[in-house]
Amino acid sequence: MKCNVKYFASYFLALACLLSAAASRAAVYDDMIRAIGLGDNSTVANLLQRGVDVNSVNRDGDTFLMMAAKEGNMNVLKTLLSAKPKVAALNSFGESALMLAAIKGHLEAVKLLLAEGGQIDHAGWTPLMYAASMNRIEVMRFLMVRGAKIDAANTSGITALMLAAREGQTQAVLLLMEYGANINLKTANGYTALGAAKQRDNEEIVRILVKAGAKE
């Protein structure tokens, strides 16, 4: 059997080209991540103009928009949004860009993402839950004024109030109660806001809930 030298030469040349292109794409992807982290809006804009896919994701399913939402840089967010990304996309943890902005307390980013198509409520964890867990009061207030479901529960039945009580976020607990959160909701396993506060020895929140009539 004769070897086709031209065939093998062409094959290895094509393979080398493919590997080179893959390496180039990886480098550009890394450049975009670096630019987002540094708030380098001009580089972000340049890379998008060069054809970088705005919906590219990392191993956790984070898009560039999600990465930018964590940083809260408004110029970068606006530039990425101009490329028409999937604003309501979720990563492998069920997190959206709006949720990640909420948990970081980036109020202006939350407003922008909601205006551009972010979902204020959906199955699983919600932006309000994320904000409540970290005591992001202004974000919480904005979301509730805009109609976030205060007693929405994730797949385990956990609500924003339960999370705030568990994490010792007194202000968040008070704000949720002010907006009418049900203090006596239970998960299928009997978990309550009061039980969550007691479990973590959050005595001030226990007192607040008991005074308001909370039961275990």
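Numbers here simply count residues along the sequence, with the first being 1. Atoms considered below: every heavy atom in the structure, side chains included; atoms not considered: hydrogens, waters and symmetry mates. On a predicted model such as this, the values are computed, not experimentally measured, just so you know.
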Sub-3.5 Å donor-acceptor pair from the side chain of Glu167 to the main-chain atoms of Ser133, do we have one? no
What is the distance from atom CG of Leu81 to atom NZ of Lys78, rounded to the nearest 0.5 Å? 10.0 Å
Contacts of Gln49 meeting side chain to side chain contact (heavy atoms under 4.5 Å, CB included) (sequence neighbours excluded), chain-then-number -> none
Is any side-chain heavy atom of Thr126 closer than 4.5 Å to a side-chain heavy atom of Met129? yes
When you compare the side chain of Glu178 with that of Arg141, does any pair of heavy atoms fall below 4.5 Å? yes
Taking the side chain as every heavy atom from C-beta outward, state whether Val52 and Phe64 have any atom pair closer than 4.5 Å. yes
Taking Leu185 as the starting point, is it possible to reach Val173 by hopping between hydrophobic residues whose side chains are less than 4.5 Å apart? no
Is a side-chain donor-acceptor pair under 3.5 Å present for Thr159 with Asp151? no
Which distance, rounded to the nearest 0.5 Å, do you find between the CE of Met66 and the CD of Glu71? 14.5 Å
Partners passing side chain to side chain contact (heavy atoms under 4.5 Å, CB included) against Ala214 (at least two apart in sequence or in another chain): Ile183, Asn184, Leu194, Leu209
Side chains of Met140 and Asn135 in contact at under 4.5 Å (non-hydrogen atoms): no
When you measure from the side chain of Tyr29 to the backbone N and O of Asn58, does any donor-acceptor pair fall under 3.5 Å? yes
Between atom CG of Asn189 and atom OG1 of Thr187, what is the distance when rounded to the nearest 0.5 Å? 5.0 Å
If hydrophobic clusters are built from ILVMFWY residues whose side chains come within less than 4.5 Å, do Phe142 and Met134 share one? no
Ignoring hydrogens and angles, tell me if any N or O in the side chain of Ser156 forms a donor-acceptor pair with the backbone of Ile158 under 3.5 Å. no
Does Val110 share a hydrophobic cluster with Ile36, counting links as ILVMFWY side-chain heavy atoms below 4.5 Å and allowing steps through other members? yes
According to side chain to side chain contact (heavy atoms under 4.5 Å, CB included), who are the partners of Arg50, at least two apart in sequence or on a separate chain? Val28, Asn46, Leu47
For Gln171 and Leu174, run side chain to side chain contact (heavy atoms under 4.5 Å, CB included): C-alpha distance rounded to whole Å, both residues' side-chain angles, the deciding distance at 0.1 Å, then the answer. CA-CA 5 Å; Gln171 287 180 294; Leu174 289 169; 5.7 Å; no
Where is the tightest heavy-atom contact between Ala197 and Ile205, given as atom of each residue plus distance? CB-CG2, 3.8 Å
Looking at side-chain heavy atoms only, is the closest gap between Leu163 and Leu161 below 4.5 Å? no
List the steps and the verdict of side chain to side chain contact (heavy atoms under 4.5 Å, CB included) for Leu176 and Leu128. CA-CA 10 Å; Leu176 288 163; Leu128 180 60; 4.3 Å; yes
Establish, from distance only, whether the side-chain atoms of Asp40 and Ser42 form a donor-acceptor pair under 3.5 Å. yes
Indicate every side-chain donor-acceptor pair of residues 111-118 with a distance under 3.5 Å to a residue at least two apart or in another chain.
none

Using every non-hydrogen atom in the two residues, find where Arg200 and Arg166 come nearest and quote the distance to one decimal. CG-O, 3.2 Å
Who are the salt bridge (charged side-chain N to carboxylate O under 4.0 Å, His left out) partners of Arg207, not counting sequence neighbours? none
Would you say Asn202's side chain and Ala165's backbone share a donor-acceptor pair under 3.5 angstrom? yes
List, one per line, each side-chain donor-acceptor pair under 3.5 Å for residues 85-104, sequence neighbours excluded.
unit_1, atom_1, unit_2, atom_2, d
Asn91, OD1, Phe93, N, 2.8
Asn91, OD1, Gly94, N, 3.2
Asn91, OD1, Glu95, N, 2.9
Asn91, ND2, Asp62, OD1, 2.8
Asn91, ND2, Glu95, OE1, 2.9
Ser92, OG, Asp60, O, 2.7
Glu95, OE2, Tyr130, OH, 2.7
Ser96, OG, Leu98, N, 3.4
Ser96, OG, Met99, N, 3.1

Return the OG1 to CD distance between Thr170 and Glu204, rounded to the nearest 0.5 Å. 4.0 Å
Hey, quick one: are Val57 and Met67 part of the same hydrophobic cluster, counting side-chain heavy atoms closer than 4.5 Å, chains of contacts allowed? no
Are Ile137 and Met144 connected in a single hydrophobic cluster, I mean Ile/Leu/Val/Met/Phe/Trp/Tyr linked by side-chain heavy atoms less than 4.5 Å apart? yes
Met162 versus Tyr191: any side-chain heavy-atom pair under 4.5 Å? yes
Please identify which of these residues, Asn75, Asn73, Asn41, Val54, meets the side-chain contact (heavy atoms from CB on, under 4.5 Å) condition with Leu80. Val54
Are Leu143 and Ile120 close enough that some pair of their side-chain heavy atoms sits under 4.5 Å apart? yes
Which distance, rounded to the nearest 0.5 Å, do you find between the NE2 of His106 and the CZ of Arg136? 8.0 Å
